[in-house]
4 protein chains.
Amino acid sequence: MIPVAIIGASGYTGLELIKILAAHPEFELVYAATSEGETRVEQLHPSLEKVVAMPVEKADAAAVAEVAQIAFLALPHKTAMGFAAQLLERGVKVVDLSADYRLKLEAYEAHYCPHIDREHLPEAVYGLPEFYREAIKTSRLVANPGCYPTASLLGLLPFIPYIKADTPIFIDAKSGVSGAGKKLSATTHYVTINENVFAYNPIKHRHAPEIAEKIDDKFDTQVQVNFVPHLLPVTRGMLCSVYMQLETELDPVEILEDLYRDEPFVRVRHRPVDIKSVAGTNFCDIYATMNGTSLFVTSSIDNLLRGASSQAVVNANIISGFDETLGIPKYAYVP
Amino acid sequence: MIPVAIIGASGYTGLELIKILAAHPEFELVYAATSEGETRVEQLHPSLEKVVAMPVEKADAAAVAEVAQIAFLALPHKTAMGFAAQLLERGVKVVDLSADYRLKLEAYEAHYCPHIDREHLPEAVYGLPEFYREAIKTSRLVANPGCYPTASLLGLLPFIPYIKADTPIFIDAKSGVSGAGKKLSATTHYVTINENVFAYNPIKHRHAPEIAEKIDDKFDTQVQVNFVPHLLPVTRGMLCSVYMQLETELDPVEILEDLYRDEPFVRVRHRPVDIKSVAGTNFCDIYATMNGTSLFVTSSIDNLLRGASSQAVVNANIISGFDETLGIPKYAYVP
Amino acid sequence: MIPVAIIGASGYTGLELIKILAAHPEFELVYAATSEGETRVEQLHPSLEKVVAMPVEKADAAAVAEVAQIAFLALPHKTAMGFAAQLLERGVKVVDLSADYRLKLEAYEAHYCPHIDREHLPEAVYGLPEFYREAIKTSRLVANPGCYPTASLLGLLPFIPYIKADTPIFIDAKSGVSGAGKKLSATTHYVTINENVFAYNPIKHRHAPEIAEKIDDKFDTQVQVNFVPHLLPVTRGMLCSVYMQLETELDPVEILEDLYRDEPFVRVRHRPVDIKSVAGTNFCDIYATMNGTSLFVTSSIDNLLRGASSQAVVNANIISGFDETLGIPKYAYVP
Amino acid sequence: MIPVAIIGASGYTGLELIKILAAHPEFELVYAATSEGETRVEQLHPSLEKVVAMPVEKADAAAVAEVAQIAFLALPHKTAMGFAAQLLERGVKVVDLSADYRLKLEAYEAHYCPHIDREHLPEAVYGLPEFYREAIKTSRLVANPGCYPTASLLGLLPFIPYIKADTPIFIDAKSGVSGAGKKLSATTHYVTINENVFAYNPIKHRHAPEIAEKIDDKFDTQVQVNFVPHLLPVTRGMLCSVYMQLETELDPVEILEDLYRDEPFVRVRHRPVDIKSVAGTNFCDIYATMNGTSLFVTSSIDNLLRGASSQAVVNANIISGFDETLGIPKYAYVP
């Protein structure tokens with residue numbers, strides 16, 4: 001058993017990490033922390049009473065390094081890189097669920113804040129296994145992708161080789177409210193969300209540069225990515241609709257199947273995907289169809305799992321040389 | 001008071017028509033019918049007990065002509081045109097909520113079925129007041145627009161003069177389940193819809209040709225319309241996201257405001273619209289923003305009201321020479 | 001037209017008051033205020049854009065007295081009685097939606113706080129028209145009932161004459177989240193409420209003494225009222241289930257019909273009621289059935305309308321000598 | 001590994017059985033059947049693609065007996081007992097999720113239909129482990145409790161010794177819609193359930209005699225059980241509110257804790273329970289409080305798991321001599 005730690009145990013992604021790691025056959029959760037500490041996991045998360053029993057510490061990198069070989073950071077951006085730097089220096093491998101190591105320096109600073117760990121940023125590997133598996137294997141610092149980029153990239157990357165030159169990509173993304181976190185705001189008040197739907201930060205969301213950068217990284221292509229997220233009256237799950245123009249007509253399902261047939265956590269479907277079939281799992285379901293040379297791709301994930309915590313544990317499995325499906329949730333919350 | 005009739009009183013749009021017409025200051029609802037008759041309005045719709053009391057007849061065009069000057073048809077396509085033809089021959093004006101008179105003959109028959117009222121089809125006027133008001137005034141046969149085309153066209157028509165040549169339009173539409181009607185199906189089972197979202201009939205929905213034809217009709221422009229509807233876990237309301245490429249950068253809100261400033265039922269917003277603010281009303285709320293020359297327009301309506309019944313009564317107001325806002329719902333179901 | 005004012009225009013019940021009064025044929029809304037003022041109604045409530053246009057003042061009793069004959073107080077308890085006292089002294093009639101005048105002094109101070117308007121408290125009339133109509137007619141201070149007491153009392157009062165001596169009443173109440181108001185809290189976060197249900201303040205809620213006191217007031221009977229509210233994943237509507245033991249078997253629907261047949265806003269049903277049929281209206285729907293001498297009564301209301309704002313306007317209608325149904329919402333949010 | 005079979009694989013409880021058994025460390029799912037067969041598990045339940053791969057047979061008791069030692073029957077009542085009789089005769093142990101073996105003969109026939117397996121009925125053991133564990137251990141026919149009785153009995157049985165003589169029990173139960181099954185009906189249409197709540201079959205539901213009979217069986221006490229179920233706008237989960245009168249005041253949480261402290265699947269809470277904390281698990285959460293001698297108990301379960309499929313596998317664990325927690329879901333669908 002490899003001892004692992006979670007820093008940031010109080011939020012939704014922290015809870016999902018606890019659930020996956022507590023049940024994992026090869027990782028042993030030995031340390032859980034928040035910024036305040038002085039509580040217990042089953043007090044922070046009453047649904048874990050009689051399931052998990054362990055203390056919650058005040059987060060401390062040195063204490064982590066004493067007991068754990070891998071640390072999962074479920075922290076806000078900026079806070080995360082502070083811990084990551086200290087952990088890496090102490091020999092602890094890091095899977096960071098924040099945005100801090102997802103972008104190149106310039107893009108990061110343009111969209112977030114000054115980067116305070118320029119030393120380690122260059123070695124970070126983007127933790128989307130279907131496209132970065134080999135690099136993850138030997139990494140000690142994995143930048144776990146954002147939820148929107150995960151669903152979007154798995155849907156659109158297969159078609160970048162066929163995109164019509166100089167045409168933009170439009171992504172209409174729809175997310176459950178758990179993606180907005182536990183923080184109280186008028187936006188997440190029940191009455192605001194229920195029986196409602198609306199876009200937010202259209203075309204200005206920080207996940208757009210993340211998507212554009214990975215397209216460029218994999219295919220050496222600059223594409224204008226127009227990303228519009230919407231909030232849905234559901235708790236979990238995310239659906240990304242991608243619209244783009246290709247050079248020619250082709251069979252998009254065949255292209256997806258050729259690429260993903262042997263992938264354990266991508267399912268190519270023959271009709272439009274839904275979020276219920278993936279909620280509770282690490283799966284990404286994808287379907288695509290064309291109208292002349294116009295392409296529509298629809299992909300779905302659980303925003304907290306494939307979009308955060310279960311993908312993080314997949315990355316930890318890969319780093320550790322385990323079968324990447326080990327201990328990863330596969331049974332959807334259906335019905 | 002002008003006496004009016006509803007044929008098709010049992011469905012959701014029939015119910016909304018009853019509610020609006022029963023409270024209307026200048027129309028008197030004198031006749032309500034279904035295919036079976038032999039019941040009462042307050043039995044079909046128990047929420048109307050102690051509100052509306054009237055019999056429901058077995059639908060009969062001759063009986064309508066004896067008592068009413070205008071008939072609202074809330075019927076399935078094909079059934080509607082059978083009644084419309086008979087009513088027009090008997091001197092009754094018709095506002096048809098079905099698809100039967102929305103398209104030109106060829107397009108109709110390609111997407112629906114053989115047309116059985118070719119005589120009156122050419123005189124039908126498309127009942128989108130903001131763009132066809134003058135023609136509606138003198139019409140005796142109004143084809144009430146579909147819900148998806150209403151929200152889409154109000155959002156995208158202002159930008160057709162600026163569209164980049166030979167580029168497609170993508171419409172990502174999201175509808176509440178009431179749009180699917182009362183009919184039982186696995187799709188409308190609570191468990192299928194709740195905590196879920198999915199596309200259906202992507203790029204093949206019959207509202208796409210309706211949108212394309214009206215663009216052509218108003219601007220003499222053929223545009224490829226890629227229309228993808230989704231079902232949302234809400235009962236009422238519809239949000240349409242339009243993505244298109246323009247020739248140049250411009251201020252899209254200004255264009256909307258110039259066009260709609262004096263329209264009583266269009267509200268140009270300065271931030272993304274939601275469906276709650278229009279549910280229960282005839283309003284269409286619209287917002288738009290650009291990224292370079294890529295345009296995003298988001299518009300919202302109540303699918304049963306602006307997308308069907310209240311727009312039908314607006315059309316009847318116009319036909320009758322009334323102020324078009326007379327008796328039309330304006331107070332949203334907020335909170 | 002009688003000029004009226006709203007103090008407390010920013011909350012949900014304030015919004016509902018604005019909507020009803022703006023459309024009312026005999027009241028003219030001339031003044032709307034919040035504790036801060038300096039805004040407009042259509043800015044506070046964007047769904048009212050192009051519907052209502054008026055300034056929002058900083059609340060001031062003297063300013064109200066200059067322009068209005070009746071004031072509606074949609075304020076927190078304690079704040080309300082401060083304004084009520086000043087308004088009454090200046091000759092303005094008051095319909096108070098808070099708890100401040102609902103209870104006798106001792107009960108009020110036991111469950112809320114010291115009462116600061118002991119002068120007017122004795123003359124306040126409880127604004128449940130079906131049981132206090134005559135007293136309301138001549139009142140200048142109406143204590144509008146709480147939402148839970150409204151639905152509970154309309155359901156259980158008809159059966160108090162038949163209750164088995166010395167047996168308790170159990171009320172299992174279920175409310176939509178709008179009843180908790182706009183205030184942000186972990187309880188009203190979407191993720192807490194969605195796909196969930198739970199009791200809160202069981203047996204300790206302050207609406208229990210309000211119910212018990214009115215039973216005593218009308219029937220001179222002390223009954224133990226065990227009241228347990230629950231929060232439902234819906235925005236609007238409230239269902240109260242009352243369980244009690246009677247002396248004998250009887251036909252409970254007949255008793256309800258005898259009492260409520262001519263009431264314009266109570267509908268006795270022949271099967272279990274739902275909240276959809278009353279949401280958006282001032283109706284209270286009621287059904288009851290027995291098992292031996294055990295009685296089950298189920299009643300439903302819109303918590304913001306019959307449970308607050310529309311009942312307040314009914315009370316204002318009665319005070320003003322109008323037909324009490326004037327301008328009161330009757331068309332439910334169905335479907 | 002003990003080979004097991006599922007008859008009735010297409011419904012919600014069949015799906016949950018598949019999910020639990022496919023992941024169970026000591027049971028091997030070797031046979032799955034429906035009334036029609038000729039499909040595959042991953043076709044019936046697309047969320048299981050790339051998770052479970054096995055054929056679905058046309059249900060046949062002889063075929064089951066050839067391959068399996070235990071059969072789970074997820075069938076409608078009446079159909080179930082037909083299979084159970086054949087399976088028992090062939091030496092297959094049966095865990096029956098239907099109502100067929102839950103009641104004594106007379107009560108069964110009064111509330112359901114003539115019993116066609118009177119031979120085995122007397123040996124059936126009621127599968128509520130907390131109260132029938134010893135009998136289950138040596139049984140070959142377990143009658144898995146209904147969902148409503150499970151939540152109700154776990155909440156109220158601890159207080160039966162203290163109940164005031166000749167007073168009734170009132171149970172106000174609230175269930176998610178998955179309890180109504182996949183069958184299409186106006187009741188389960190999304191538009192009927194969403195933003196709504198209502199009682200159904202009040203005081204006449206067939207789960208009332210099941211509850212009353214078990215109270216009598218355990219405590220030799222006849223109590224009038226007034227059971228009123230409600231449908232909630234949620235998919236999964238059930239909350240039961242029990243109201244009863246006790247002889248004296250007592251500390252109800254202490255009584256619950258004394259009884260359930262060592263139970264692996266009951267959690268006594270110190271504040272009102274919710275359904276989110278148990279959805280996805282076999283837990284029953286319980287809280288209770290008193291007002292004088294009036295008692296309120298609130299208990300929550302996942303209606304498809306503790307109320308059906310996971311409790312069935314717990315029973316199979318007990319029959320097989322395994323730790324009863326083996327392979328049973330404990331991680332809730334939170335958030």
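Numbers restart at 1 for each chain; the letters A, B, ... are given by sequence-line order, proteins then strands. Keep in mind that the numbers below use all heavy atoms, side chains included, and drop hydrogens, waters and symmetry copies.
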Spatial distance of atom CG (Asn291(C)) from atom CZ (Phe227(D)) [nearest 0.5 Å]: 13.0 Å

Pick from Pro168(D), Gly292(D), Pro335(D), Ala279(D) with the largest number of heavy-atom pairs that fall under 4.5 Å of chain C: Pro168(D)

Region of Ile193(C) that comes under 4.5 Å of a non-hydrogen atom in chain D: neither

Distance in Å, Gln245(D) CD paired with Asp166(C) CG, rounded so as to fall on 0.5 Å steps: 10.0 Å

Which portion of Tyr287(D) sits near chain C, non-hydrogen atoms under 4.5 angstrom: side chain

Any residue of residues 201-210 of chain D which, by heavy atoms, sits under 4.5 Å from chain C: Pro202(D), Ile203(D), Lys204(D)

Under 4.5 Å from a heavy atom of chain D, the part of Lys276(C) involved: both

When Leu231(D), Thr192(D), Val191(D), Leu239(D) are compared by non-hydrogen pairs under 4.5 Å with chain C, the top option: Leu239(D)

Pairwise distance CZ(Phe170(C)) to CZ(Phe296(D)) - rounded to 0.5 angstrom: 11.0 Å

Note, Leu232(D) side chain near Leu232(C) side chain (heavy atom, < 4.5 Å): yes

Choice from Asn226(C), Asn194(C), Val197(C) maximising heavy atom contacts with chain D below 4.5 Å: Val197(C)

Heavy-atom contact with chain C under 4.5 Å, split by part of Ile169(D): neither

Leading residue by heavy atom contact count with chain C [cutoff under 4.5 Å; candidates Asp274(D), Thr167(D), Val334(D)]: Asp274(D)

Contact summary for Pro233(D) and Glu195(C), nearest pair of heavy atoms: O-OE2, 3.9 Å

Contact leader toward chain D among Ser241(C), Gly176(C), Gly237(C), Ser300(C), where contacts are heavy-atom pairs under 4.5 Å: Ser241(C)

Heavy-atom proximity to chain D below 4.5 Å, by part of Met244(C): backbone

Side-chain touch Arg271(C)/Phe198(D), heavy atoms, less than 4.5 angstrom: no

Donor on one side chain, acceptor on other, Thr298(D) and His230(C), under 3.5 Å: no

Minimal non-hydrogen separation, Ser294(C) against Gln224(D), with atom names: OG-OE1, 2.6 Å

Heavy-atom proximity to chain C below 4.5 Å, by part of Val273(D): backbone

Spatial distance of atom CZ (Arg236(D)) from atom CG (Asn196(C)) [nearest 0.5 Å]: 14.0 Å

Which portion of Val278(C) sits near chain D, non-hydrogen atoms under 4.5 angstrom: neither

Any residue meeting side chain to side chain donor-acceptor pair (under 3.5 Å) with Thr281(C), in chain and number order, not counting sequence neighbours: none

Side-chain donor-acceptor pair present, Asp172(C), Tyr243(D), cut-off under 3.5 Å: yes

Region of Val177(D) that comes under 4.5 Å of a non-hydrogen atom in chain C: neither

Residues, nucleotides or ligands: over 12 heavy atoms within 6.0 Å of Tyr162(D) OH: no

